[in-house]
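Take a look at the structure set out below.
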Amino acid sequence: MSQLSLYNTLKRRKEAFLPLNPPHVGLYVCGPTVYGDPHLGHARPAITFDILFRYLKHRGYKVRYVRNITDVGHLVNDADEGEDKIAQKAKLEALEPMEVVQYYLLRYHRAMEALNVLPPSIEPHASGHIPEQIEFIQKIIESGYAYESQGSVYFDVEKYDRDHRYGKLSGRNIDELLETTRALDGQSEKRRSLDFALWKKASPEHIMRWKSPWSIGFPGWHLECSAMSTKYLGEEFDIHGGGMDLLFPHHDCEIAQSCAALGKESVRYWMHNNMITINGQKMGKSLGNFITLEEFFNGNHALLTQAYSPMTIRFFILQAHYRSTLDFSNEALMASERGLSRLMEANARLEKLKPATQASLKLEGLRQRCEEAMDDDLNTPIVISQLFDAARVINLVHDGKESISETDLQEIREVFRIFIEDILGLVSESGSTTNNEAYKKAVDLLLNIRQEVKQNKDWATSDRIRKELTDLGFEIKDGKEGFEWTPPSGI
RNA sequence: GGUUCGUUGGCCGAGGGGUUAGGCACCGGUCUGCAAAACCGUUUACGGCGGUUCGAAUCCGCCACGAACCUCCA
């Protein structure tokens, strides 16, 4: 096996992945703020790190995958000045904040399950870790990198930067940031505009509030990840992932917080997935150009010419490398839909393939090429291209134009199972999961009758059976040796 | 303005000093009662200008265009 290498944003290059305490791997990924329906943008990090999770397990690692749920502290606008996103939504809909969280979290989980994203090992809520966050703030205060101001606590960025370096993940430096950050109105409790909140005193109308040594209030947004990753993965752990849009300030603040509180670097490998774009622009809430996953699944959106199944979405995302932007269009999605169906049909055909004693084709290095592609910073597009090459071989054998040996057939079967199902997480949606034998036999019966009337050149009856089944959504394919059929999708 | 990163054929998207990525679409063919599927073949590439090199889409420089981040965002 080759060496797994991953692109470390901190170093701006690929590095050999060597876990801290093999065979254990600690993985932390920034999860959603649950105040709205999950959209295509949410699918990208979920799927990217699902692939990493699956591949690390495939390589024999014992992975603890922590993906948090932000349900408090994430403010609507100006860092540290705006309203809490969850609280705002709750107010709008006249609900308890936790009702909002419950509602959208459920919808998030449902969408992730449809996309065949494995649940993480632990999914901690920020609101469920207030004591841990308070303790974390105390540590930062003790180390001298935070100060209290009118019941709120802020991180002293300037002091931290003198001793360490603030902004090293995103490549920013504090002087430039000071120049470009707009002047404060003078009313601020903060010493410097760059300082960020660790704890905020709640205003009277603020509904989400907890007791702390400083005030009744709520934790700053960046803090939850530092506190919860430390709790579940330790002061030092292997991989921290998230979207590129979180690089600054979120992840740079996390680094500063953890370093200030713990006196060391917490994260060894930082990984960031790129954005999904629409007409070259980031798909996002603020731009109002996002499409929810549910809308993709039911096709109910002005920009969609049709519905796209969860597996089509998953495959579409996997056909691009996770560090590249991926541009949405109906054309691109339809191409993915067709390609996926070709690949999955080849996969299904694999079961029926017969090996030959005199093989005309030899299979070499398929598994190795797939593994090398995954080892090269999770290059799923290359893995898929390898699988398509194999699919062509499968179809040739299926058509009787080529033949392969028993050994090669077993090898392809195993490689397909491992890479398509276990690692890429692609599952058949065509309804082959239907276990109703009577139903299957009924369709077989109809098609057998059709075979018989075809013998008598009764094309009218033959075409009628095919047409009516096709109208019902079945797909009928005549082969050299009998027929193949797939049921309507969604069964 | 700063930071980071892009610009590949009709579309999506890998690769990254010399050798076919792959998918989808298109066109032609094989197969088929017809169709679908499958297979075979063909076509269209590396933003511009310089430089390094025997050789650059790939390395370097400049320019143009675009994006993300610097405000909430996955």
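Both backbone and side-chain heavy atoms feed into the values below; hydrogens, waters and symmetry mates do not. In what follows, every chain begins at residue 1, and chains take the letters A, B, ... in the order their sequences are listed. As the structure is a computational prediction, the values presented were derived from the model and not from experiment.
For A:Asp478, whose side chain is taken as the heavy atoms from C-beta onward, the closest listed nucleotide among B:G22, B:C70, B:C34 is B:C34. The side chain of A:Arg466 has B:C34 as its nearest neighbour among B:C34, B:G22, B:A38. Checking B:A38, B:A37, B:G15 against every side-chain atom of A:Lys477, the shortest atom distance belongs to B:A37. The side chain of A:His321 has B:A14 as its nearest neighbour among B:A14, B:G23, B:A74. Comparing B:C39, B:G13, B:A36 by their nearest atom to the side chain of A:Glu475 picks out B:A36. If you check B:A74, B:C5, B:G23 against the side chain of A:Arg342, the one that comes closest is B:G23. Among B:C39, B:G10, B:G33, the nucleotide with an atom closest to any side-chain atom of A:Glu331 is B:G10. Checking B:A37, B:U3, B:C12 against every side-chain atom of A:Phe316, the shortest atom distance belongs to B:C12. Taking every side-chain heavy atom of A:Asp463 into account, B:G33 is the closest of B:G33, B:G13, B:C39. Among B:G13, B:G15, B:C34, the nucleotide with an atom closest to any side-chain atom of A:Arg450 is B:C34.
The residue from A:His272, A:His251, A:His250 that alone fulfils the ring pair (Phe, Tyr, Trp, His ring centres under 6.0 Å) condition with A:His240 is A:His251.
At a cut-off of 3.5 Å, with distance as the only test, a side-chain donor of A:Gln368 or A:Glu372 sits close to an acceptor on the other residue. Defined by atom type and a distance below 3.5 Å, a donor-acceptor pair is present between the side-chain atoms of A:Glu224 and A:Asn68. Side-chain atoms of A:Tyr308 and A:Asn330 include a donor-acceptor pair closer than 3.5 Å.
For RNA chain B, runs of at least 3 consecutive pairs of the Watson-Crick or G-U wobble type, with both hydrogen-bonding distances under 3.5 angstrom, map to B:1-7 with B:64-70, B:10-12 with B:22-24, B:27-30 with B:38-41, B:47-51 with B:59-63.
The ring of A:Trp459 lies on top of the base of B:G33, close enough and flat enough: under 5.5 Å between centres, under 30° between planes.
Backbone-only engagement by A:Gly243 is indicated by non-hydrogen atom pairs under 4.0 Å involving sugar-phosphate atoms exclusively. A:Leu326 comes within 4.0 angstrom of sugar-phosphate atoms only, judged by non-hydrogen atoms across all strands, and of no base. Base contact: A:Met275 has a heavy atom under 4.0 Å from a base atom. Nucleic acid contact class of A:Met334 (heavy atoms, under 4.0 Å, all strands): none. Using a 4.0 Å heavy-atom distance criterion, A:His39 is classed as a base contact.
In terms of phosphate contacts, A:Asn173 brings no side-chain nitrogen or oxygen within less than 4.0 Å of OP1 or OP2 of B:G2. Between B:A14 and A:Ser324, a contact under 4.0 Å exists linking OP1 or OP2 to a side-chain N or O. For B:C69, the OP1/OP2 oxygens have a side-chain nitrogen or oxygen of A:Lys282 closer than 4.0 Å. OP1 or OP2 of B:C39 has at least one side-chain nitrogen or oxygen of A:Asn395 nearer than 4.0 Å. Within the structure, a side-chain polar atom (N or O) of A:Arg392 is placed less than 4.0 Å from OP1 or OP2 of B:C40.
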Between the protein and nucleotides 25-29 of chain B, which nitrogen or oxygen pairs come in under 3.5 angstrom?
from: B:A25; atom 1: OP1; to: A:Arg338; atom 2: NH1; distance (Å): 2.7
from: B:A25; atom 1: OP1; to: A:Arg338; atom 2: NH2; distance (Å): 3.0

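Between the CD1 atom of A:Ile313 and the P atom of B:A74 there is a distance of 17 Å, rounded to whole Å. One can place CG of A:Leu343 at 10 Å from P of B:C24, the figure rounded to the nearest angstrom.
Between A:Phe290 and A:His39, the angle of the ring planes lies from 30° to 60°, which puts this pair in the tilted group.
Contact check on A:Lys89 versus A:Glu93 returns a salt bridge, with a Lys/Arg side-chain nitrogen under 4.0 Å from an Asp/Glu carboxylate oxygen.
Scanning atom types as modelled, one donor and one acceptor separated by under 3.5 angstrom connect the side chain of A:Arg172 and the base of B:C69.
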